[in-house]
Amino acid sequence: MGVEAGLQKASAPAKCILFGEHAVVYGEPAVAVALEQRLHVQLRPSKTWSVGGSQLQAKRHPHIAALKAALLEDSTPPMSIQINSDIPRASGLGSSAALSTAVARAFATLSHQETVTNEALSMLAHQAEAQAQGGLASPLDTSTSTEGGVVVLSDTKENSCTWLYTRRLATPSGERVWEVHSLDLKRDDGIYLVLGNTGVHAPTSAQVALVAAALEESPERMQEIKAIGTVSRRGLDALQRGDYTAVGHAMSENHVLLRNLGVSSLELEDLIRAALPTSLGVKLTGAGGGGCMVALTRHPKETAEAIELAGGRTFVSRIGNAGAHAD
Ligand code: MEV
């Protein structure tokens with residue numbers, strides 16, 4: 001409860017995928033981390049339901065409308081929802097997942113379901129995300145934003161990680177199953193992520209559809225998806241050993257595979273090239289086509305300057321931060 005009567009607040013982090021975007025939609029392993037940048041929501045009692053001053057409409061706010069239907073009674077008194085975010089939208093950093101998980105946490109508090117588990121909340125957020133993504137979405141973004149830290153998805157239970165839950169989704173091409181895990185990192189205080197934003201908006205749904213169309217046209221390209229899975233596994237192993245040089249190599253290798261898959265862009269390539277000399281590894285992160293790249297570096301200032309000189313907007317984060325919570 002906030003100081004003001006009836007005020008509810010919650011926040012959730014951005015996420016950055018270190019390994020396995022796109023391939024994770026087809027069950028390959030992937031690793032994502034929660035960033036320091038967060039999205040904050042505030043709910044205030046009001047005469048009507050609104051988001052950022054405009055009337056709440058399912059068409060304009062599909063995630064929020066879906067979560068309201070799932071978590072609140074029809075008789076819940078209306079609230080105005082204010083969103084404040086450090087996370088750039090449509091840029092591969094999970095702004096819509098952060099919105100879903102923060103709103104889900106705030107709605108759970110509003111309806112006195114404070115004890116509702118992360119598993120249940122991330123499931124609702126994943127369903128809302130999948131609906132908005134035309135039925136195809138892995139639970140990577142929503143689980144990372146809910147759980148925080150480092151999250152690993154795989155089609156099998158990974159013994160080296162802490163298993164959290166199984167997530168299933170009916171998709172247009174059959175049921176998909178993911179095992180969701182968390183990973184305890186070996187601390188290395190000298191390691192940073194520098195995110196570089198191209199400023200080009202590329203909706204995830206379009207990028208996911210692009211890969212689905214490529215696979216439908218040439219089913220043999222599933223080999224490329226499997227190759228990303230192999231690199232993810234190598235990257236995960238390096239992360240567990242705390243070998244950040246090997247983590248960086250795997251990230252750069254992952255990027256080459258993503259570029260060949262057709263999800264990079266000229267703007268991303270410019271920023272990636274600029275960051276390489278001062279980084280351990282660099283790749284696009286998220287759905288690609290624009291949005292952000294990520295550099296793993298021990299020289300965050302130099303790397304950020306190089307990316308800015310190449311035209312990107314940057315921010316720096318450590319690896320693994322708090323998940324969604326009521327504020
Ligand atoms: C988007 O952040 C990550 C993708 O793998 C899509 C998904 O996992 O649903 C491109």
Side-chain angles (χ1 to χ4, degrees), residues 12-35 37 39 62-63 87-101 122-123 125-147 151-155 167-173 175-180 193 195 197-198 200-215 222 224-229 231-232 235 251 254-255 257-259 261-265 268 283-294:
K15 69 94 208 341
C16 165
I17 302 178
L18 293 185
F19 302 108
E21 48 272 271
H22 287 292
V24 67
V25 174
Y26 301 90
E28 295 298 325
V31 182
V33 304
L35 298 177
Q37 289 68 29
L39 176 143
H63 300 79
I87 312 172
R89 291 184 58 231
S91 303
L93 300 184
S95 64
S96 75
L99 175 65
S100 296
T101 55
S122 76
M123 186 178 77
H126 178 214
Q127 281 166 352
E129 194 89 332
Q131 253 173 34
Q133 250 171 247
L136 259 189
S138 80
L140 186 59
D141 293 17
T142 43
S143 300
T144 308
S145 191
T146 307
E147 304 293 340
V151 166
V152 177
L153 256 63
S154 177
D155 59 348
R167 179 55 43 80
R168 293 170 197 281
L169 181 75
T171 77
S173 48
E175 190 190 53
R176 295 268 150 75
V177 182
W178 295 270
E179 304 296 345
V180 182
L193 296 175
L195 285 303
N197 190 353
T198 60
V200 177
H201 287 208
T204 301
S205 52
Q207 292 296 107
V208 169
L210 189 144
V211 174
L215 290 173
M222 196 50 93
E224 297 173 42
I225 298 287
K226 294 208 178 310
I228 293 178
V231 173
S232 290
M251 285 170 67
N254 191 164
H255 179 70
L257 292 165
L258 287 166
R259 187 172 59 204
L261 199 58
V263 294
S264 189
S265 73
L268 279 166
K283 65 185 275 293
L284 70 81
T285 186
C292 287
M293 44 71 69
V294 58

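Whatever order the structure lists ligands and atoms in, that order sets their numbers, starting from 1. Please read these numbers as outputs of a predicted model, since none were measured by experiment.
- The shortest non-hydrogen separation linking G290 to T198 is C-OG1, 3.5 Å.
- Closest to atom 1 (C) of ligand 1 among all protein heavy atoms lies D141 OD2, 3.7 Å.
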Atom pairs and distances, side-chain donor-acceptor, residues 20-29, under 3.5 Å, sequence neighbours left out:
unit_1	atom_1	unit_2	atom_2	d
E21	OE1	K283	NZ	2.9
E21	OE1	G286	N	2.8
E21	OE2	K283	NZ	2.9
H22	NE2	A287	O	2.9

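- The CH2 atom of W178 sits 10.0 Å away from atom CG of L140, with the distance rounded to the nearest 0.5 Å.
- Atom CD1 of I228 and atom CG of L258 lie 4.5 Å apart (nearest 0.5 Å).
- Of the protein's non-hydrogen atoms, I17 CD1, 3.6 Å is the one closest to atom 3 (C) of ligand 1.
- Using a 4.5 Å heavy-atom cutoff, the side chains of V211 and I225 are in contact.
- With ligand atoms numbered from 1 in the order given, ligand 1 contributes 9 (O) to contacts under 4.0 Å with heavy atoms of A137.
- Distance from atom 7 (C) of ligand 1 to its nearest protein heavy atom, with residue and atom name: S138 OG, 3.4 Å.
- At the shortest separation from atom 4 (C) of ligand 1 among protein heavy atoms lies H22 N, 3.9 Å.
- Only the side chain of K15 comes within contact range of ligand 1, with a heavy atom under 4.0 Å; no backbone atom does.
- Residue E21 has no nitrogen or oxygen atom sitting less than 3.5 Å from a nitrogen or oxygen atom of ligand 1, judged on distance alone.
- Side-chain polar atoms of T101 and S145 form a donor-acceptor pair below 3.5 angstrom.
- Put simply, no part of Q207 is less than 4.0 Å from ligand 1, judged by heavy atoms.
- Considering backbone and side-chain atoms together, T204 places no N or O closer than 3.5 Å to any N or O of ligand 1.
- Using a 4.0 angstrom heavy-atom cutoff, L140 does not count as in contact with ligand 1.
- For R259, the salt bridge (Lys or Arg N to Asp or Glu O under 4.0 Å) partners are E269, not counting sequence neighbours.
- From L284, atom CG reaches atom CE of M251 across 10.0 Å, with rounding to the nearest 0.5 Å.
- Proximity of V24 to ligand 1, defined as any heavy-atom pair under 4.0 Å, is confined to the side chain (atoms from C-beta onward).
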